[in-house]
Amino acid sequence: MQTAEFVELLAVPQAQAKNPLFDIIVEDKINIQNYCNALIAKILELKQSQFPAFIDYQFNQVKNPEIWICKLEKLLANNEAFFSSKTAMSRYNKLYILIEKKRTELQSTSVKEAVSKTPKKFINAESEDRYFSFYEMKKQLDKVNDDNQKILLLTKEMFEYQQASIEFINQKTPFYDVQCAKEIEHIYALQKLQAAVEQTKREQNQNQLPFKKMQINCNLNQFVDVYYQFTRELFIDGKSMIDGSVNDLVAIIVNSYVDKDGKEISPETVKTILTPSRTEKRPKPHKRIDIDKML
């Protein structure tokens, strides 16, 4: 069975059904395939006289009835072979009539609500049975998280506008279909940019060598004192052998090593050892690793 990309998969196991007659029953994992299978099975199981009540019940369950009804229409179209018999074809036709009726009701309700709430300046155009407002469309898009669903909705609106018999055009707003097309371009551009960013991250991660902190097997102050000698006491051509700030050295040490017990190293402890005035925190002369004698 072919599926349709339903956004809301409102299904329950039989034991949790509040309305066993109209609930979509899925005993296994609730996914697109199982939901679509159960929905087709429910359609074939119900009497045709129960279809209007079934559609109304599902409308009251989902958050976006218009998207759900579009997906139901797509599911029926994808699985027309299931309705090849004369009896099943009657069900198929009955559902299509109900779908069109519901779509008309939704659009009519939308227009009535919008006329009273949407200022005239935000309406791009009006036809005999509805109005077109990109201002309202943006509000709808903000509620949709999936880019593909946004593109589907915008494309549908663009085609409806182009096929409608327009009676009024607001000259102070751009053409509705042009705004829809530009919004689709904007979504594609953001997708392309996001893909490029993710590709760059993947490439950066691939270029990074595997890294594990090394363990120090001497006292911490002996080890840190080696860095102190390189930055404060050992010079080449008047410059310290390692040139960097105390904070840089602290970051290198705590991010690269663990102490002789395998524990994380305290940044404050390292910073104190590297402070010139805190000679008591560095090792005594007889315990010091004297780098100058090694060179």
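Bear in mind the structure is a predicted one, so any value in this text is a computation, not a measurement.
- No more than 12 heavy-atom neighbours from other residues, nucleotides or ligands sit within 6.0 angstrom of CD on E268.
- A salt bridge links E183 with K138: the closest approach of a Lys/Arg side-chain nitrogen to an acidic carboxylate oxygen falls below 4.0 angstrom.
- Judged purely by distance below 3.5 Å, without hydrogens or angles, the side chains of E198 and Q194 pair a donor atom with an acceptor atom.
- With contacts defined as side-chain heavy-atom distances shorter than 4.5 Å, the pair V197/T200 does not qualify.
- Between V144 and V7, every side-chain heavy-atom pair lies at or beyond the 4.5 Å cut-off.
- The 12-atom threshold is exceeded at CG of N60, counting heavy atoms of other residues, nucleotides or ligands nearer than 6.0 Å.
- Atom CZ of F51 sits in a crowded spot, with more than 12 heavy atoms from other residues, nucleotides or ligands closer than 6.0 Å.
- Cluster annotation: I43 and I25 are assigned to distinct hydrophobic clusters (Ile/Leu/Val/Met/Phe/Trp/Tyr, side-chain heavy-atom contacts under 4.5 Å, transitive).
- Looking only at side-chain heavy atoms (C-beta outward), N19 and D23 come within less than 4.5 Å of each other.
- Within the 4.5 Å cutoff, side-chain heavy atoms of C70 are placed close to those of K156.
- Counting heavy atoms of neighbouring residues, nucleotides and ligands inside a 6.0 Å radius, atom NZ of K42 exceeds 12 of them.
- In Y96, the OH atom is crowded: over 12 heavy atoms of neighbouring residues, nucleotides or ligands sit closer than 6.0 Å.
- With rounding to the nearest 0.5 angstrom, the CD1 atom of I32 is 6.0 Å from the OG1 atom of T3.
- Side chains of T231 and V246 form no contact here, defined as non-hydrogen atoms less than 4.5 Å apart.
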Problem - Criterion side-chain hydrogen bond (donor to acceptor under 3.5 Å, both in side chains) on Q199 and E203, from CA distance to verdict - result: CA-CA 6 Å; Q199 178 64 26; E203 291 174 355; 3.1 Å; yes
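- Annotation: the span from Q222 atom CD to I289 atom CD1 amounts to 5.0 Å, rounded to 0.5 Å.
- A 6.0 Å sphere centred on OH of Y188 holds no more than 12 heavy atoms belonging to other residues, nucleotides or ligands.
- Classification of the W68-F59 ring pair by plane angle, with boundaries at 30° and 60°, yields perpendicular.
- Remark: E5 CD to L75 CG distance equals 11.0 Å, nearest 0.5 Å.
- In this pair, F132 and Y161 present their aromatic rings perpendicular. The plane angle is above 60°, beyond the 30 to 60° band.
- Between I216 and C218 the shortest side-chain heavy-atom distance falls below 4.5 Å.
- Here CG of N93 is found 6.5 Å from CD1 of I97. Values are rounded to the nearest 0.5 Å.
- With hydrophobic clusters built from ILVMFWY side chains whose heavy atoms lie under 4.5 angstrom apart, Y131 does not share a cluster with L153.
- Residues I24 and L9 have side chains not in contact (no heavy-atom distance under 4.5 Å, counting atoms from C-beta outward).
- Using a 4.5 Å cut-off between side-chain heavy atoms of Ile, Leu, Val, Met, Phe, Trp and Tyr, with links allowed through other members, I123 and M137 fall into different hydrophobic clusters.
- Salt bridge absent: E100 and K102 never bring a charged side-chain N and a carboxylate O closer than 4.0 Å.
- In this structure, NZ in K287 is found 6.5 Å from CG in N219, a value given to the nearest 0.5 Å.
- For the salt bridge (Lys or Arg N to Asp or Glu O under 4.0 Å) test with R130, the passing option among E136, E167, E157 is E157; the others fail.
- Between atom CD of residue Q163 and atom CE of residue M158 there is a gap of 10.5 Å, rounded to the nearest 0.5 Å.
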Exercise for the section: Start with the C-alpha distance between L46 and L21, add both sets of side-chain angles, then the distance that settles side-chain contact (heavy atoms from CB on, under 4.5 Å), and finish with yes or no. Expected result: CA-CA 8 Å; L46 291 171; L21 182 62; 3.8 Å; yes
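- Ring geometry for F22 versus Y57: interplanar angle of 30 to 60°, hence tilted.
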Exercise for the section: Check step by step if side-chain contact (heavy atoms from CB on, under 4.5 Å) holds for N247 and K271. Expected result: CA-CA 8 Å; N247 288 336; K271 191 171 185 178; 3.7 Å; yes
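- Within the cation-pi definition used here (under 6.0 Å to the ring centroid, within 45° of the axis), K182 does not qualify as a partner of F134.
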Exercise for the section: Mind running side-chain contact (heavy atoms from CB on, under 4.5 Å) on V258 and E264 for me, showing each step along the way? Expected result: CA-CA 5 Å; V258 292; E264 296 294 324; 4.0 Å; yes
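- In summary, E233 and R288 engage in a salt bridge, as defined by a charged side-chain N under 4.0 Å from a carboxylate O.
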